[in-house]
Every structure is written in C-alpha cells, then in structure tokens.
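Below, all heavy atoms of this structure are taken into account, side chains as well, without hydrogens, waters or symmetry copies. Each chain gets a letter, A, B and so on, in the order its sequence line appears, and its residues count up from 1.
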Number of protein chains: 2
Amino acid sequence: MTKATWKKFDEVELTHSSVHHLMAMHELLKRNGYVRGVDISKHLKISRSSVSITIHKLIKKGYIQEDENKFYHFTPKGQELINNVLSKRRIIRLFFEKVLDIPEDMAEYEACKVEHLLEEETGQRIMNFIGFFLSERKEANEFRYALKRFIYECGSVDACEICEIECYFAGKEQ
Amino acid sequence: MTKATWKKFDEVELTHSSVHHLMAMHELLKRNGYVRGVDISKHLKISRSSVSITIHKLIKKGYIQEDENKFYHFTPKGQELINNVLSKRRIIRLFFEKVLDIPEDMAEYEACKVEHLLEEETGQRIMNFIGFFLSERKEANEFRYALKRFIYECGSVDACEICEIECYFAGKEQ
DNA sequence: TGTATTTGTTAGACATGCTTAACAGATGTT
DNA sequence: AACATCTGTTAAGCATGTCTAACAAATACA
C-alpha cells in the first residue's frame with residue numbers, strides 16, 4: 001500500500017449515505033414526479049431529521065435545489081452524478097450477474113456496496129469488457145460456453161498467480 | 001433497492017479502518033517479525049492514540065492478542081480474516097489489471113476501496129472466472145486476443161442492456 | 001372555526017474515527 | 001544519576017451520520 005491509499009476511502013467527495021440520498025431522490029422523482037424530505041425518509045427508512053440535515057448539505061454542495069414548496073430538484077451537477085452512479089450500478093450488476101453468475105439479489109447487494117466507490121474510468125472499462133463478453137462474436141460465444149463448464153481447481157491451470165490465491169483461499173499459506 | 005440494502009454498508013463486522021489496521025499488522029509482521037502500536041501508526045500515517053484505541057477494540061473483538069511487551073499477534077480468527085482479505089485483494093487486483101487492463105497503481109487504489117466489502121462467495125467466483133480467463137484454453141486465448149482489439153461503441157453490439165448503459169454514460173437519458 | 005395530522009427543523013444524545021496535548025513509564029545516553 | 005527520547009494511554013475536541021423529542025408551520029378535516 002503506497003503512502004496512505006487506504007485513507008482516500010473516506011476522502012470521496014460524497015459519502016455512501018449522501019449518494020443514496022441522491023439515488024432515492026432520483027427513484028422517487030421518476031416514480032412520483034416530485035420529492036419531499038419525508039419521501040426520502042420513508043424510502044431510506046431513516047428519520048426525517050437525518051434526511052433534513054443531509055439534504056441541506058447536498059444543497060450547499062450544489063447537487064440539489066429546493067423550490068418554494070420544499071420540493072427538491074437536481075442541479076445539472078446532481079443529475080450528472082446520478083447518471084454516473086446509475087451507469088456504474090448497472091454495469092457492475094450486469095457484471096456480477098452475467099459474468100460471475102451471482103444470483104440477482106446478491107448481485108444487487110454487492111453492487112450497492114461498491115458502485116459509488118469505483119472511478120468512472122473503471123466503469124468504462126467494465127462496460128467495454130461486458131460489451132465484448134455479451135456480444136455475439138464467435139470468441140465471446142465460445143468463451144461463455146466454455147466458462148460455464150469450467151470449475152477452477154488448484155493445479156488445473158498453470159498460471160501460478162492464481163495458484164497462490166487458491167492457497168490463500170484454502171488457508172494453507174502464511 | 002429492496003428494504004434497506006444500502007444501510008448494510010456500515011453494518012459490516014469490521015470497518016474499512018479496522019481492516020486496514022489488521023492489514024498493516026500483517027505486513028509489518030511479515031517484514032519485521034513483530035508489530036507494536038507505533039509501527040502501525042507510522043505505516044498508516046495516523047496518530048499513536050488513534051491506533052491504540054482501534055487496536056484495543058480489535059483485541060476485544062478477538063482478532064488480536066497482546067503479549068507482555070505490548071507486541072501484537074493475530075488470533076486464529078484474525079489470521080483467518082487476513083487470509084480472506086488478502087485473497088480477495090489479490091484476485092480483485094488481478095481482475096482489474098489482467099481483465100480490465102487498468103494500470104497497476106490505479107488497480108491497487110480501486111481494489112483497496114472494495115476488497116473488504118465483497119463477500120467470500122464473490123471472491124470465489126472472480127477467482128473461478130480469472131482462472132479460466134488467464135488459462136491456456138483455446139477459448140480463453142482467443143477471447144483475450146479479440147478483447148484486446150475490441151472497443152465498445154454504442155450500436156456495435158446488439159445487447160440492448162448494454163446500449164442503455166452507454167446512453168447513461170453519454171448522459172443522453174433521464 | 002378549531003382540532004388533528006403532516007412536514008420540516010432544531011437540539012441533544014450516541015457511536016465512529018480522526019486529531020492534538022498531556023502524561024506515565026520504559027529505555028537510551030552521557 | 002540525570003536528562004532525553006520513545007511508546008502507549010487518556011482526555012478533549014472536531015466531523016460523520018444516525019436517533020429521539022420538541023416545536024413551528026402548513027395542510028386536512030369536522
């Protein structure tokens with residue numbers, strides 16, 4: 001771990017909580033055409049007071065605007081962020097489901113923890129990868145077919161990098 | 001988002017910070033053969049006091065033991081956790097580097113944010129995937145070769161799921 | 001009109017994890 | 001032996017995000 005890479009974890013511009021406030025707003029706007037504090041509060045199952053505080057922070061940071069009736073709207077900045085998170089969420093879920101073959105609810109859970117933490121660049125690359133993986137190209141078709149029948153076992157592959165990992169999983173090393 | 005999936009984010013048994021205290025311990029043990037509080041403090045670039053507090057929590061939780069000279073050691077529970085995180089870290093980094101072709105330092109950064117959040121099951125599945133992806137199987141070879149030459153463009157693939165995503169990236173939808 | 005409900009805000013509380021400052025005890029140096 | 005340094009702990013402070021309780025203002029209903 002170089003320098004203090006690990007610390008950057010909470011130097012992210014928006015916290016997990018804030019991102020989910022924005023995501024809730026987006027879902028409710030789509031569903032109802034409007035959002036108020038209490039809607040977010042019910043959606044996220046947290047208190048109105050907590051929502052109130054977070055929303056005002058997001059207004060200060062320029063992600064949200066409040067109209068005269070206390071209905072909330074995204075600023076362009078907020079909308080852009082939502083688009084980014086949504087696209088990453090989708091692509092990550094798709095990856096978990098289609099590539100790793102993880103059940104839907106589990107894929108959602110795993111994606112939720114991770115979606116807002118990954119960079120745009122990473123999202124783009126996963127998209128590129130999945131674009132190819134799910135395509136009808138001959139190489140992709142054959143790869144998917146063979147992958148489905150593949151079960152990894154230590155020794156079945158000559159890449160020793162992987163083998164080291166298997167040893168970790170089996171708890172044989174260190 | 002079902003129920004309050006998003007809240008589980010911080011219901012994880014150990015926080016990002018705690019995991020990194022344990023990881024630091026592991027690295028220092030491997031390097032020096034011992035660990036004291038001050039070593040962790042320097043390694044993570046945080047104050048001794050903060051380390052002291054976190055370490056005592058980890059002792060209470062049963063991940064660490066302290067000997068008569070204030071040198072720290074893993075309990076079996078702690079060692080197991082370290083093995084799990086290490087294996088996931090490796091496999092995730094490998095995925096970012098070898099599959100997504102992300103530069104090494106970026107891959108490390110991305111992996112760091114994510115490694116302790118994913119379930120064992122997910123780690124296992126990524127391992128299985130990479131086991132096949134990096135193998136010398138004909139399908140894997142051809143897939144890798146073709147993937148390297150592939151650049152995703154909206155319309156180049158008929159999977160409309162992906163296309164929707166591309167629209168998000170381009171900010172054309174919603 | 002008067003009362004009840006809904007909604008948003010504020011205050012006080014608690015838990016996290018970090019900081020600095022002060023201090024205690026051990027170790028090192030001269 | 002005396003002073004300096006290193007190490008660990010504790011206390012007080014700040015920021016996060018959550019909670020409950022209290023209150024204010026608007027809305028709904030009788």
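In terms of the salt bridge (Lys or Arg N to Asp or Glu O under 4.0 Å) criterion, residue partners of A:Glu110 (sequence neighbours excluded) are, by chain and number, A:Lys113.
Put simply, the side chain of B:Ser87 gets close to the backbone of B:Asn83: a donor and an acceptor are under 3.5 Å apart.
Within 4.0 Å (heavy atoms only), A:Ser17 reaches sugar-phosphate atoms of the nucleic acid but no base atom.
The phosphate of D:dG17 has OP1 or OP2 within less than 4.0 Å of a side-chain N or O from A:Thr15. Neither OP1 nor OP2 of D:dT20 sits under 4.0 Å from any side-chain N or O of A:Ser47. Checking the phosphate oxygens (OP1, OP2) of D:dT9, a side-chain nitrogen or oxygen of B:Lys70 falls inside 4.0 Å. One finds a side-chain N or O of A:Arg36 lying less than 4.0 angstrom from the OP1 or OP2 phosphate oxygen of C:dT7.
Contact check on B:Glu120 versus B:Lys88 returns a salt bridge, with a Lys/Arg side-chain nitrogen under 4.0 Å from an Asp/Glu carboxylate oxygen.
Hydrophobic cluster membership for A:Tyr34: A:Phe71 (Ile, Leu, Val, Met, Phe, Trp, Tyr linked by side-chain heavy atoms under 4.5 Å, directly or transitively).
Listed in residue order, the members of residues 52-68 of chain A having a heavy atom less than 4.0 Å from DNA chain D are A:Thr54, A:Lys57.
Between B:Phe150 and A:Phe129, the gap from one ring centroid to the other reaches at least 6.0 Å.
The distance from atom OH of A:Tyr145 to atom CD of A:Glu142, rounded to the nearest 0.5 Å, is 10.5 Å.
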